[in-house]
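The basis for the numbers below is simple: all heavy atoms, side chains too, and nothing from hydrogens, waters or symmetry mates. Chain naming here is simple, since letters A, B, ... match the order of the sequence lines and numbering starts at 1 in each.
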There are 2 protein chains.
Amino acid sequence: MGERGDWAAMRERRMAEPGAAEAYDAARLAFELGRAVRELRERRGWSQAQLAKESRMTQSAVARFEAGGTVPTLPVLERLAASLNVSLSVRFEPRDAAA
Amino acid sequence: MGERGDWAAMRERRMAEPGAAEAYDAARLAFELGRAVRELRERRGWSQAQLAKESRMTQSAVARFEAGGTVPTLPVLERLAASLNVSLSVRFEPRDAAA
DNA sequence: GGCCGTTATAGCATTGCTGCTATGACATGG
DNA sequence: CCATGTCATAGCAGCAATGCTATAACGGCC
């Protein structure tokens with residue numbers, strides 16, 4: 001039933017769910033955050049395993065996250081941000097405001 | 001010692017956990033996001049029930065969220081943002097950068 | 001008093017993210 | 001070829017957030 005594996009397919013499906021504009025947004029957000037973390041990590045020359053250790057998680061969790069396999073939770077994002085020495089910003093902004 | 005209810009106490013406990021700086025951050029983030037949503041909602045003159053309906057959740061979920069009872073997930077934040085006609089911003093920023 | 005609208009909480013089922021181990025694929029260097 | 005390092009993925013246990021109903025507590029208002 002669940003097709004619990006295959007993150008890419010899972011994400012595709014999530015993005016394709018009818019009338020799930022916000023679910024789509026969440027999936028895209030997950031994807032972009034994954035990419036951002038990968039960039040920050042590679043800029044530091046760290047392996048996934050190193051980042052995982054710093055963030056108190058496992059290499060597989062980092063890989064899953066970077067691939068956008070799941071929509072991350074705020075605690076995880078906080079841990080990653082702390083390890084990468086950046087700050088996590090989560091807030092609501094006016095729709096027209098530039099980033 | 002379950003005390004599964006009583007969100008305030010739960011949050012206090014989470015923030016007091018030894019060596020859980022990021023968990024603390026997540027709890028504080030939850031609290032601030034809850035306040036932000038409450039402000040946006042009241043500015044529109046909406047009841048929790050109205051916002052809940054727009055965001056496809058129940059009034060109790062909105063109340064729990066506004067009280068900072070749990071650390072919200074990104075899909076929920078996206079739905080609330082969409083209903084309140086604001087955009088959700090989640091990103092990593094340099095530590096010293098001003099908001 | 002009763003009635004209604006709103007918010008706060010309780011208690012539970014479901015969902016789905018995380019944590020983990022193990023393993024596969026793929027390079028690179030010996 | 002073999003060893004090592006890195007990243008990707010499967011599969012599952014555990015658990016926290018969500019989704020839900022029902023209800024209590026606090027108003028106003030008639």
> Hey, what do you get for OG (B:Ser89) to CG (A:Leu29), rounding to the nearest 0.5 Å?
Replying inline: 8.5 Å
> Under 4.0 angstrom, heavy atoms only, what part of the nucleic acid is B:Val76 near: base, sugar-phosphate, or nothing?
Replying inline: sugar-phosphate
> Between D:dT9 atom P and A:Phe65 atom CZ, what is the distance in whole Å?
Replying inline: 16 Å
> Does the side chain of B:Leu74 reach to within under 4.5 Å of the side chain of B:Val76, using non-hydrogen atoms?
Replying inline: no
> Taking atom C1' of C:dT18 as reference, at what distance in whole Å does atom CD of A:Glu78 sit?
Replying inline: 16 Å
> Does some side-chain heavy atom of B:Gln59 sit less than 4.5 Å from a side-chain heavy atom of B:Lys53?
Replying inline: no
>> Based on the rotation axes of five pairs at each end, what angle does the helix from C:dG1-D:dC30 to C:dG30-D:dC1 bend through, to 10°?
In response: 20°
> Taking for each residue the nucleotide of DNA chain D bearing the nearest heavy atom, is the 5' side occupied by B:Leu74 or by A:Ala67?
Replying inline: A:Ala67
>> Using a 3.5 Å distance criterion without hydrogens, assess whether the side chain of B:Arg38 forms a donor-acceptor pair with backbone atoms of B:Glu66.
In response: no
> How many angstroms lie between atom OG1 of B:Thr70 and atom CZ of B:Arg64, to the nearest 0.5 angstrom?
Replying inline: 6.0 Å
> Side chain of A:Ser60, base of C:dC20: donor and acceptor closer than 3.5 Å?
Replying inline: yes
> For DNA chain C, which residues in residues 39-52 of chain B have a heavy atom at a distance below 4.0 Å?
Replying inline: B:Arg41, B:Ser47, B:Gln48
> Between A:Leu33 (CG) and C:dT18 (P), how many Å, whole number?
Replying inline: 11 Å
> Does B:Ala61 or B:Thr73 map to a spot on DNA chain C nearer the 5' end, using the closest nucleotide for each?
Replying inline: B:Ala61
> Counting heavy atoms not belonging to B:Arg44, are there more than 12 under 6.0 Å from its CZ?
Replying inline: yes
> Do A:Thr73 and A:Leu77 have side-chain heavy atoms sitting under 4.5 Å apart?
Replying inline: no
> Does a nitrogen or oxygen in the side chain of A:Thr58 sit under 4.0 Å from OP1 or OP2 of C:dT18?
Replying inline: no
>> Working to the nearest 0.5 angstrom, can you tell me the gap between A:Leu80 CG and A:Glu54 CD?
In response: 11.0 Å
>> At less than 3.5 Å, do the side-chain atoms of A:Arg64 and the base atoms of C:dG19 form a donor-acceptor pair?
In response: yes
>> Does C:dA8 have OP1 or OP2 under 4.0 Å away from a side-chain N or O of B:Arg38?
In response: yes
> Touch check for B:Gln59, heavy atoms < 4.0 angstrom, all strands: base, sugar-phosphate only, or nothing?
Replying inline: base
> Could you give the distance from CG (B:Leu51) to CD (B:Glu42), rounded to the nearest 0.5 Å?
Replying inline: 11.0 Å
>> If I take atom CD in residue A:Glu66 and atom P in nucleotide D:dT6, what distance separates them, rounded to the nearest angstrom?
In response: 14 Å
> Nearest to the side chain of B:Arg79, which nucleotide is it out of C:dT7, D:dC20, D:dT18?
Replying inline: D:dT18
> So what does A:Ala63 hit on the nucleic acid, given a heavy-atom distance under 4.0 Å: a base, only sugar-phosphate, or nothing?
Replying inline: base
> Please give, in whole Å, the distance from D:dA17 P to B:Met57 CE?
Replying inline: 13 Å
> Just wondering, do A:Asn85 and B:Arg95 contact through their side chains at under 4.5 Å, heavy atoms?
Replying inline: yes
> Roughly, in whole Å, what's the span from CZ in B:Arg35 to P in C:dT7?
Replying inline: 18 Å
